[in-house]
Amino acid sequence: QVQLVESGGGLVQAGGSLRLSCAASGRTFSSTGVGWFRQAPGKEREFVAGISWSGGETYYAQSMKGRFPISRDNAKNTVYLQMNDLNLEDTGVYYCAVRLRPILTSFPREYDYWGRGTQVTVSS
């Protein structure tokens, strides 16, 4: 089992920044991928960014590339999502998820464990 806990969400004005954290506990695997997803009210869950635990490979949704860098701290078993220049469309619940395979993917169904999410609200 892998437990994931997201934190760092909150209310921020448009143009501001937030850093989300995803802390993993339980069994962790060297050959896994971690993804960040988000879900806005009434919309499907969408991929934001992904990173491998061991290789440092990253993968981004095209619309978020350059604005939401993803990083990890293996010593802390934590993955971060730095969100910059936030806009109203970035509002939603942000989830992290672990995939028990090294190849990154943007499909939610390919991930095995999920956190409960953290709310991000961007105001004008």
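Being a predicted model, the structure only gives us computed values, none of them experimental. These values consider heavy atoms only, across backbone and side chains, with no hydrogens, waters or symmetry-generated copies. In what follows, residues are counted from 1 in the order of the sequence shown.
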Asks: I'd like to know if the side chain of R19 and the backbone of G8 have a donor-acceptor N/O pair within less than 3.5 Å.
Replies: no
Asks: Could you tell me if the side chain of S52 sits less than 4.5 Å from the side chain of Y59, heavy atoms only?
Replies: no
Asks: Membership question, hydrophobic clusters at under 4.5 Å side-chain separation (ILVMFWY): are L86 and Y80 in the same one?
Replies: no
Asks: Could you tell me which residues satisfy side-chain contact (heavy atoms from CB on, under 4.5 Å) with D112, sequence neighbours excluded, listed by chain and number?
Replies: R99, L100
Asks: Determine, using the 4.5 Å side-chain heavy-atom cutoff (strictly less than), whether W36 and L104 are members of one ILVMFWY cluster.
Replies: no
Asks: From D85 CG over to D90 CG, what is the distance, rounded to the nearest 0.5 angstrom?
Replies: 8.5 Å
Asks: State plainly whether one hydrophobic cluster holds both F68 and L88, where clusters connect Ile, Leu, Val, Met, Phe, Trp and Tyr through side-chain heavy atoms under 4.5 angstrom apart.
Replies: yes
Asks: Report yes or no: does T78 contribute a side-chain atom to a donor-acceptor pair with the main-chain N or O of K76 at less than 3.5 Å?
Replies: yes
Asks: Specify the closest pair of heavy atoms between L4 and C96, including all atoms of both residues, with the distance to one decimal.
Replies: CD1-O, 3.7 Å
Asks: For residues V2 and W114: do they belong to one hydrophobic cluster (side chain heavy atoms under 4.5 Å, members Ile, Leu, Val, Met, Phe, Trp, Tyr)?
Replies: no
Asks: Mind checking side-chain contact (heavy atoms from CB on, under 4.5 Å) for S123 and listing every partner two or more places apart, or none if nothing turns up?
Replies: L11, Q13
Asks: Among all residues two or more places apart in sequence or in another chain, which pass the side-chain contact (heavy atoms from CB on, under 4.5 Å) test with V120?
Replies: L18, L20, M83, Y94, V122
Asks: T91 side chain to T121 main-chain N or O, any donor-acceptor pair under 3.5 Å?
Replies: no
Asks: Check ring-ring contact (aromatic ring centres under 6.0 Å, His included) between Y111 and all other residues, then give those that pass, not counting sequence neighbours.
Replies: F37
Asks: Going by the rule side-chain contact (heavy atoms from CB on, under 4.5 Å), which residues pair with V93 if we only count those two or more places apart in sequence or in a different chain?
Replies: Y95, Q119
Asks: Test R67 against N87 for side-chain contact (heavy atoms from CB on, under 4.5 Å), laying out the working first.
Replies: CA-CA 11 Å; R67 200 161 59 94; N87 57 58; 3.7 Å; yes
Asks: Start with the C-alpha gap between S17 and N84, add the side-chain angles, then the distance that decides, and say whether side-chain hydrogen bond (donor to acceptor under 3.5 Å, both in side chains) holds.
Replies: CA-CA 4 Å; S17 299; N84 301 315; 3.2 Å; yes
Asks: With a 4.5 Å limit on heavy-atom distance, are the side chains of S25 and N77 in contact?
Replies: no
Asks: Would you be so kind as to tabulate the donor-acceptor pairs closer than 3.5 Å made by side chains of residues 42-50, with sequence neighbours excluded?
Replies:
{"unit_1": "R45", "atom_1": "NE", "unit_2": "Q39", "atom_2": "OE1", "d": "3.3"}
{"unit_1": "R45", "atom_1": "NH2", "unit_2": "Q39", "atom_2": "OE1", "d": "3.3"}
{"unit_1": "E46", "atom_1": "OE2", "unit_2": "R38", "atom_2": "NE", "d": "2.6"}
{"unit_1": "E46", "atom_1": "OE2", "unit_2": "R38", "atom_2": "NH2", "d": "3.1"}

